[in-house]
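We're numbering straight along the sequence, starting at 1.
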Amino acid sequence: MSSKKSTVVIVGGGTGGVVVARYLSKTLDPQRHKLLLINKHPFRIILPASLRMLVSDRGKLEERVLVPYDKVFTNGNGTFIEGLVTKINAGDNSNSGSLALSDGRVIEYDVLVLATGSKWDGPTSFPDDAASVKTHIAARREEIAKADDILLVGGGAVGIELAGEIKDIWPRKSVTVLNRGAQLLNDTYSSKLRHDLRRQLVKRGVKVILDDYIEELPAESSGPVQIRTAHGKSLEPDLVLRTWGVQSNTAHLPSSFLTPSGTVKVLPSLQLPSHPNIFALGDLIEWDEQKTAAKAQMGHAPIVAKNVELYLKGVDVSKAGKIYKGSMEMILVSNGRKSGMGWMDVMGGIIFGPFLTSRIKSKDLMIEMARGASGN
């Protein structure tokens with residue numbers, strides 16, 4: 001590295017990005033390195049808790065789920081920049097590059113960390129404009145409150161959890177989960193877990209339709225809409241919400257960074273193969289595992305943070321850095337505040353029942369733990 005002050009830029013202030021920022025703010029010498037964290041909002045949205053926040057104003061969860069970045073940096077060693085990255089110029093020599101923001105600013109970097117997560121459809125598709133986020137929350141609460149018959153299209157964790165949150169507040173509303181697969185979730189998880197989650201929903205009065213889909217979703221409507229599924233079921237919801245899977249948030253990245261599926265190619269050191277000064281983590285990366293906030297926070301982020309530190313010391317991280325070997329699969333799916341199920345891929349698969357799951361996650365959605373990751 002040269003004697004000039006080097007600039008480390010982290011793009012994305014979600015679960016993984018704040019862990020990297022907080023670690024580097026403790027370990028980097030501010031006389032030698034400048035640390036920047038860029039995020040499109042001036043706050044982090046704790047996504048695992050956002051569904052409950054979007055369903056009703058009970059508990060005013062937005063005050064805890066929208067977390068400012070004022071405490072991320074230790075001893076003030078770092079700078080937060082609110083901005084939306086629209087383009088990355090990685091340079092030719094792999095030692096530096098620049099970012100373009102939507103407002104015209106250009107920021108140069110020596111080391112870049114990509115942590116922009118996923119793009120969601122449906123209620124959790126928060127607007128890029130920070131000023132519109134609370135309007136979005138209020139609009140989702142209003143449409144759910146007004147609806148009598150709600151169809152959730154997608155039977156993964158989001159669909160299951162949203163159904164539970166709605167039933168907690170409005171137990172008499174008609175809620176249907178429609179899933180293309182033959183069971184809820186995907187086949188990473190045990191058949192018993194998937195069966196028991198369906199049983200829990202049905203017990204609460206949620207209708208679950210499996211192995212079926214809608215060829216074309218209707219446009220937004222203020223009243224009941226006639227829907228016929230691919231297998232001939234007739235539905236007439238007055239609110240349809242998309243609760244299917246996500247896509248990696250990589251539209252702003254050069255195509256040379258990406259796999260055909262749109263994820264970022266990385267080495268086990270979580271560096272990009274052709275750019276050793278660029279690291280990536282979280283839902284962005286191409287890795288054969290389920291995308292979860294826990295993996296980004298506890299699996300990827302510590303490795304990226306340490307490897308950035310080593311890279312700045314001149315270490316060939318691809319040969320002598322920390323290596324990511326994958327993480328154990330685990331899931332906790334809440335069903336309102338008092339129920340849910342969990343599963344851990346050890347000893348042939350261990351299932352957590354409603355009592356334990358509610359204590360670990362469902363009751364408070366682990367909000368304080370998530371806030372603690374950014375120093376709040």
Polar side-chain atom of Asp238 near backbone of Asp149 as donor-acceptor pair, under 3.5 Å
yes

May I ask you to decide whether Arg228 forms a salt bridge with Glu216, counting only side-chain N to carboxylate O separations under 4.0 Å?
no

Is a side-chain donor or acceptor of Arg198 paired with a backbone partner of Leu184 at a separation under 3.5 angstrom?
no

What side-chain donor-acceptor pairs closer than 3.5 Å can you find for residues 8-16, not counting sequence neighbours?
none

Would the distance check show the side chain of Asp121 and the main-chain N or O of Ser125 forming a donor-acceptor pair, the cut-off being under 3.5 Å?
no

Donor-acceptor pairs under 3.5 Å, side chain of residues 247-258 to any protein atom, not counting sequence neighbours: which ones?
| residue | atom | partner | partner atom | Å |
| --- | --- | --- | --- | --- |
| Ser248 | OG | Asp283 | O | 2.9 |
| Asn249 | ND2 | Thr116 | O | 3.3 |
| Thr250 | OG1 | Gly262 | O | 2.7 |

Is any NZ, NE, NH1 or NH2 atom of the basic residue among Glu62 and Arg141 found under 4.0 Å from an Asp or Glu carboxylate oxygen of the other?
yes

Residue pair Ala280 / Val266: nearest heavy atoms and the distance that separates them:
CB-CG1, 4.0 Å

Between Asp148 (side chain only) and Ser174 (backbone N and O only), is there a donor and an acceptor less than 3.5 Å apart?
no

Residues in side-chain contact (heavy atoms from CB on, under 4.5 Å) contact with Ala305, at least two apart in sequence or another chain
Val20, Tyr23

OG1 on Thr27 to CG on Leu310, rounded to 0.5 Å
9.5 Å

Counting only N and O atoms by type, is there a donor-acceptor contact under 3.5 Å from the side chain of Asn75 to the main-chain atoms of Asn77?
no

Using a 3.5 Å cut-off and no angle test, enumerate the donor-acceptor pairs between side-chain atoms of residues 44-52 and protein atoms at least two apart in sequence or in another chain.
| residue | atom | partner | partner atom | Å |
| --- | --- | --- | --- | --- |
| Arg44 | NH2 | Ala370 | O | 2.5 |
| Arg44 | NH2 | Ser374 | OG | 3.1 |
| Ser50 | OG | Leu47 | O | 2.7 |
| Arg52 | NE | Glu165 | OE1 | 2.9 |
| Arg52 | NE | Glu165 | OE2 | 3.1 |
| Arg52 | NH1 | Ser362 | O | 3.0 |
| Arg52 | NH1 | Lys363 | O | 3.2 |
| Arg52 | NH2 | Glu165 | OE2 | 3.0 |
| Arg52 | NH2 | Gly336 | O | 3.4 |
| Arg52 | NH2 | Ser362 | O | 2.7 |

Close side-chain approach of Val106 to Leu99, heavy-atom, < 4.5 Å
no

Ignoring hydrogens and geometry, is there a side-chain-to-backbone donor-acceptor pair from Ser358 to Pro354 under 3.5 Å?
yes

Heavy-atom check, side chain of Lys207 versus side chain of Val175, under 4.5 Å
no

Residues at least two apart in sequence or cross-chain that pass side-chain hydrogen bond (donor to acceptor under 3.5 Å, both in side chains) with Arg105, listed by chain then number, are Asp103

Is the side chain of Lys173 donor-acceptor paired with the backbone N or O of Ala145 at a distance under 3.5 Å, no angle test?
yes

Whether Ser132 side chain and Thr135 backbone form a donor-acceptor pair below 3.5 Å:
no

Do Val240 and Leu217 have side chains that approach each other closer than 4.5 Å (heavy atoms only, starting at C-beta)?
yes

Without swapping roles, check the side chain of His41 against the backbone of Pro127 for a donor-acceptor pair under 3.5 Å.
yes

Kindly compute the distance separating OG1 (Thr188) from CZ (Arg194), expressed to the nearest 0.5 Å.
8.5 Å

At what distance, to the nearest 0.5 angstrom, does CD1 of Ile144 lie from CD1 of Ile166?
5.0 Å

Do Ile331 and Gln290 have side chains that approach each other closer than 4.5 Å (heavy atoms only, starting at C-beta)?
no

So which pairs with a foot in residues 223-243 pass ring pair (Phe, Tyr, Trp, His ring centres under 6.0 Å), sequence neighbours left out?
none

Would you say Met344 ends up clustered with Leu185 if hydrophobic residues are merged whenever their side chains have heavy atoms under 4.5 Å apart, either directly or through other cluster members?
no

Quick one: NZ on Lys5 to CG on Asp110, what's the gap to the nearest 0.5 Å?
12.0 Å

Examine Met298 and Leu284 and state if one hydrophobic cluster contains both, with Ile, Leu, Val, Met, Phe, Trp and Tyr joined whenever side-chain heavy atoms are less than 4.5 Å apart.
no

Does any part of the side chain of Leu35, heavy atoms only, come nearer than 4.5 Å to the side chain of Thr79, both counted from C-beta?
no

Could you tell me if the side chain of Val206 sits less than 4.5 Å from the side chain of Val202, heavy atoms only?
no

For Lys26, what residues pass the side-chain contact (heavy atoms from CB on, under 4.5 Å) criterion, not counting sequence neighbours?
Arg22, Thr74

What pair of heavy atoms forms the shortest contact from Ala373 to Val19, and how long is it?
CB-CG2, 4.3 Å

Are more than 12 heavy atoms from other residues, nucleotides or ligands located less than 6.0 Å from atom CD of Glu108?
no

Is there a salt bridge (charged side-chain N to carboxylate O under 4.0 Å, His left out) between Lys295 and Glu329? Walk through the geometry before answering.
CA-CA 9 Å; Lys295 290 190 182 76; Glu329 292 297 350; 2.8 Å; yes

Pairing residues for Lys167 by the side-chain hydrogen bond (donor to acceptor under 3.5 Å, both in side chains) criterion, not counting sequence neighbours
none

Hey, could you give me each pair passing ring pair (Phe, Tyr, Trp, His ring centres under 6.0 Å) that has a residue in residues 149-177? Not counting sequence neighbours.
none

Applied to residues 138-163, the ring pair (Phe, Tyr, Trp, His ring centres under 6.0 Å) test, sequence neighbours excluded, yields none

Separation between CG (Leu239) and CD (Glu143), nearest 0.5 Å, reads 5.0 Å

To the nearest 0.5 Å, how far apart are OG1 in Thr263 and NZ in Lys291?
6.0 Å

Do Leu61 and Phe43 belong together in a cluster built from hydrophobic side chains that touch within less than 4.5 Å?
yes

Hey, does Ile107 have a side-chain heavy atom less than 4.5 Å from the side chain of Ser98?
no

Taking all non-hydrogen atoms of both residues, which atom of Ile323 and which atom of Pro268 are closest, and how far apart?
CG2-CB, 3.4 Å

In terms of side-chain heavy atoms, does Ser269 have a donor or acceptor partner in Gln271 at a distance below 3.5 Å?
yes

Minimum side-chain heavy-atom gap Glu286-Val264 below 4.5 Å
no

Check the hydrophobic clustering (I, L, V, M, F, W, Y; side-chain heavy atoms under 4.5 Å; chains of links allowed) and say if Leu112 and Leu267 are grouped together.
no

Residues in side-chain contact (heavy atoms from CB on, under 4.5 Å) with Ser190, at least two apart?
Lys192, Leu193, Trp343, Ile351

Show the numbers, then the answer: is there a salt bridge (charged side-chain N to carboxylate O under 4.0 Å, His left out) between Asp168 and Arg58?
CA-CA 11 Å; Asp168 260 14; Arg58 180 182 293 183; 6.0 Å; no

Does the Arg371 side chain pair with the main chain of Arg64, one donor and one acceptor, at a distance under 3.5 Å?
yes

Ring pair (Phe, Tyr, Trp, His ring centres under 6.0 Å) contacts touching residues 115-154 (sequence neighbours left out):
Phe126-His136

To check you understand the geometry: which heavy-atom pair defines the closest contact between Thr357 and Gly342, and what is its length?
OG1-N, 3.4 Å

Taking the inter-plane angle between the rings of Phe279 and Tyr311 on a 0 to 90° scale, is it parallel (under 30°), tilted (30 to 60°) or perpendicular (over 60°)?
perpendicular

